Enquirer: 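Take a look at this one; I'll ask things after.
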Amino acid sequence: MEKKIVAGIEELPKTIVRRVVKEKLSQCSRDQDISVNKDSLLAFCESARIFIHYLSATANDICKESKRQTIKAEDVLKALEDMEFPELVRPLKASLNEFRRKNAGKKAAASREKEVKKKRKVEEPTVEGTDGESIDGVGDDDNDEDEDENEASDN
């Protein structure tokens with residue numbers, strides 16, 4: 001009996017794999033539009049899944065040798081070399097550097113936005129309770145009127 005691949009966590013999204021394959025193939029032959037049939041797409045998906053499993057297991061071994069529990073990018077780069085794919089290290093490093101550069105800009109913008117929000121909160125004059133009344137009593141005119149009436153009736 002043939003083992004069927006169950007769609008789920010283990011399966012890579014076919015649309016993404018198709019897009020990656022077609023982009024790469026279009027770079028190789030710019031004059032032709034190359035299509036990918038269903039069987040070849042399944043082969044690409046399975047090959048990528050197996051490669052990812054092998055790469056992650058190798059990177060995990062490197063991580064454990066270093067007595068750590070978290071896999072770092074350097075572990076993945078070392079795993080590629082150990083798996084005899086050194087030609088992938090340079091492009092991966094370039095992609096990582098580009099990602100870090102873009103991400104650093106986003107983090108800086110988010111940090112600035114957070115600071116602005118924090119300053120706005122500090123500048124607010126009063127803090128309101130859940131019922132909408134002022135917690136600090138400032139601007140609570142109702143109590144002042146009651147006190148004035150009590151004083152007038154005492155006299």
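Positions are given from 1, in the same order as the sequence printed here. Just so it is clear, the model here is predicted, and its values are computed rather than measured.
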Enquirer: With sequence neighbours excluded, tell me which residues meet side chain to side chain donor-acceptor pair (under 3.5 Å) with Glu98.
Expert: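 So Glu98 forms a side chain to side chain donor-acceptor pair (under 3.5 Å) with Arg101.
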Enquirer: Could you tell me which residues satisfy side chain to side chain donor-acceptor pair (under 3.5 Å) with Lys14, sequence neighbours excluded, listed by chain and number?
Expert: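 Residues passing side chain to side chain donor-acceptor pair (under 3.5 Å) with Lys14: Glu11.
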Enquirer: For the CG atom of Asn103 and the CG atom of Leu96, what is their distance to the nearest 0.5 Å?
Expert: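 The distance works out to 11.5 Å.
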Enquirer: Running the 4.5 Å side-chain criterion over Ile, Leu, Val, Met, Phe, Trp and Tyr, what cluster does Val116 land in, apart from itself?
Expert: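 Traced through the cluster, Val116 reaches no other member.
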Enquirer: Less than 3.5 Å apart, which donor and acceptor atoms pair up between the side chains of residues 68-75 and the rest of the protein, not counting sequence neighbours?
Expert:
| from | atom 1 | to | atom 2 | distance (Å) |
| --- | --- | --- | --- | --- |
| Arg68 | NH1 | Thr70 | O | 3.0 |
| Arg68 | NH1 | Asp75 | OD2 | 3.0 |
| Arg68 | NH2 | Asp75 | OD1 | 2.8 |
| Arg68 | NH2 | Asp75 | OD2 | 3.2 |
| Asp75 | OD2 | Lys72 | N | 2.8 |

Enquirer: Could you tell me which residues satisfy side chain to side chain donor-acceptor pair (under 3.5 Å) with Asn37, sequence neighbours excluded, listed by chain and number?
Expert: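 Once residues adjacent in sequence are excluded, the partners of Asn37 under the side chain to side chain donor-acceptor pair (under 3.5 Å) criterion are Ser40.
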Enquirer: Under the ring-ring contact (aromatic ring centres under 6.0 Å, His included) definition, can you give me all pairs with a residue in residues 13-50, not counting sequence neighbours?
Expert: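 Qualifying pairs, neighbours excluded: none.
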Enquirer: Return the OG to NZ distance between Ser35 and Lys22, rounded to the nearest 0.5 Å.
Expert: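 Rounded to the nearest 0.5 Å, the OG-NZ separation comes to 6.5 Å.
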Enquirer: Pairs of donor and acceptor atoms involving the side chains of residues 76-91, under 3.5 Å and at least two apart or interchain, shall be tabulated with distances.
Expert:
| from | atom 1 | to | atom 2 | distance (Å) |
| --- | --- | --- | --- | --- |
| Lys78 | NZ | Asp82 | OD1 | 2.8 |

Enquirer: Using a 3.5 Å cut-off and no angle test, enumerate the donor-acceptor pairs between side-chain atoms of residues 55-63 and protein atoms at least two apart in sequence or in another chain.
Expert:
| from | atom 1 | to | atom 2 | distance (Å) |
| --- | --- | --- | --- | --- |
| Ser56 | OG | Ile52 | O | 2.9 |
| Ser56 | OG | His53 | O | 3.0 |
| Thr58 | OG1 | Tyr54 | O | 2.8 |

Enquirer: Should we count CZ of Phe51 as having more than 12 external heavy atoms under 6.0 Å?
Expert: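 Enclosed.
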Enquirer: Test of understanding: with side chain to side chain donor-acceptor pair (under 3.5 Å), list the residues that count as partners of Arg112, not counting sequence neighbours.
Expert: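 Once residues adjacent in sequence are excluded, Arg112 has no partner under the side chain to side chain donor-acceptor pair (under 3.5 Å) criterion.
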Enquirer: Should Leu42 and Val20 be regarded as members of a common hydrophobic cluster, given that ILVMFWY residues are connected when their side-chain heavy atoms come within less than 4.5 Å of each other, either directly or indirectly?
Expert: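 Cluster IDs for Leu42 and Val20 differ.
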Enquirer: Can you name the salt bridge (Lys or Arg N to Asp or Glu O under 4.0 Å) partners of Lys117, sequence neighbours left out?
Expert: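 Lys117: salt bridge (Lys or Arg N to Asp or Glu O under 4.0 Å) contacts with Glu113.
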